[in-house]
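As structure tokens, the structure follows; a few thoughts come after it.
Whatever order the structure lists ligands and atoms in, that order sets their numbers, starting from 1. Side-chain atoms are counted along with the backbone in the values below, which use heavy atoms only and exclude waters and symmetry mates. Every value quoted in this text rests on a predicted model; they were computed, and no experiment measured them.
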Amino acid sequence: MQKERKLLIAGNWKMNKTVAEGLDLVNGLRRELSGVKEVDIVVCPPFTALSEVSKAILDSNIRLGAQNMSEQTGGAYTGEIAAAMLKEFSVRFVILGHSERRQYQKESDALIAAKALATHAASLKPIICVGETLAERESGVMEKIIGGQLKGSTAGLSKTQMEETVIAYEPVWAIGTGKTASTQQAQDVHAFIRRTLAHLFDDAVAKRVRIQYGGSVKPANARELMSQPDVDGALVGGAALEVRSFTDIIKNSI
Ligand code: PGA
């Protein structure tokens, strides 16, 4: 499949996998995916597995991501992790503002923007998540919500930083529910996100930003989703926890 932007498929392990389980998973992925050049492949283990997973994927085509990061560079912030600590393990990407963190940790757009600036200051690439709830979609405020999240959580980024930022569109109602947005629903929102980025930054920036889809992505729906012109990859939760399903999502997307 010839794409305008190189596909970026990332596995968000969430709060799953001990070190031993994580190593089993990445060793399997390394074996299965060694020949894949068409897709940028990323795994995002919990912090506790970053060190070992980082060693296990050395010299492979799999890159490392983290699931969160502090907006601070260090100091008295109990329980937080700074960019420099992630860089020790060759982390390249950081998921920011996942809907679970927006919901359970009450992360605001302003905090996510501060974190995004901190990732760029450390030459890490943020994956900023946006998405509407079912109630927001059904009451017709979806574009207002997603537009607001985009504006708020990219505030202060330069054009160059925005080009190096990934957006993940994750409709909250599709995460872990088995409900996937239809390919048309996904394409429509991705196109809206790109138009909004053109408005907030400019056309050239909007054309370069990779926009991932997330929410119940599986081997069976990956090909159709990835074939949409504005869908540039996937952020995968549940199906990223098994070698077979994550491998098949990637192979079916090529
Ligand atoms: P899911 O999660 O694939 O399990 O729906 C996606 C995500 O939350 O990133």
> So, do Trp13 and Val53 sit near enough that their side-chain heavy atoms are less than 4.5 Å apart?
Replying inline: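 Side-chain contact under 4.5 Å: yes.
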
> Which of these passes side chain to side chain donor-acceptor pair (under 3.5 Å) with Glu107: His98, Arg102, Lys115?
Replying inline: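 So the option named by the test is Lys115.
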
> What is the nearest protein non-hydrogen atom to atom 4 (O) of ligand 1, stated with its residue, atom name and distance?
Replying inline: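 Result for atom 4 (O) of ligand 1: Gly238 N, 2.8 Å.
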
> Among protein heavy atoms, which sits nearest to atom 7 (C) of ligand 1, and what does the distance come to when rounded to 0.1 Å?
Replying inline: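 Protein heavy atom at minimum distance: Glu170 OE2, 3.1 Å.
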
>> Is the contact between Ala174 and ligand 1 made by the side chain, the backbone, both, or neither, using heavy atoms and a 4.0 Å cut-off?
In response: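 For Ala174, the contact with ligand 1 is made by the backbone alone.
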
>> Is the contact between Ile175 and ligand 1 made by the side chain, the backbone, both, or neither, using heavy atoms and a 4.0 Å cut-off?
In response: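 Both of them.
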
Are any of the heavy atoms in [X] under 4.0 Å away from ligand 1?
{"X": "Gly215", "answer": "yes"}
{"X": "Lys14", "answer": "yes"}
{"X": "Ser216", "answer": "yes"}

If you measure every N or O of [X] against every N or O of ligand 1, does any of those distances drop under 3.5 Å?
{"X": "Thr177", "answer": "no"}
{"X": "Gly176", "answer": "yes"}
{"X": "Gly237", "answer": "yes"}

So, does [X] use its side chain to make a donor-acceptor pair with the main chain of [Y] at under 3.5 Å?
{"X": "Lys17", "Y": "Leu241", "answer": "yes"}
{"X": "Arg30", "Y": "Leu58", "answer": "yes"}
{"X": "Gln161", "Y": "Leu117", "answer": "no"}
{"X": "Gln67", "Y": "Cys44", "answer": "yes"}

> Of the options Lys6, Arg208, Arg194, Lys207, which is the one that meets Asp232 in a salt bridge (charged side-chain N to carboxylate O under 4.0 Å, His left out)?
Replying inline: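 Filter result, single survivor: Arg194.
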
> Going by distance alone, is a donor N or O of one side chain under 3.5 Å from an acceptor N or O of the other, for His120 and Thr165?
Replying inline: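 Result is yes, a qualifying pair exists.
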
> Which of the atoms of ligand 1 are close to Asn12, meaning less than 4.0 Å from one of its heavy atoms?
Replying inline: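 This gives 9 (O) as the contact atoms.
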
> By number and element, which atoms of ligand 1 are closer than 4.0 Å to a non-hydrogen atom of His98?
Replying inline: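 Counting atoms of ligand 1 from 1, those under 4.0 Å from His98 are 7 (C), 8 (O), 9 (O).
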
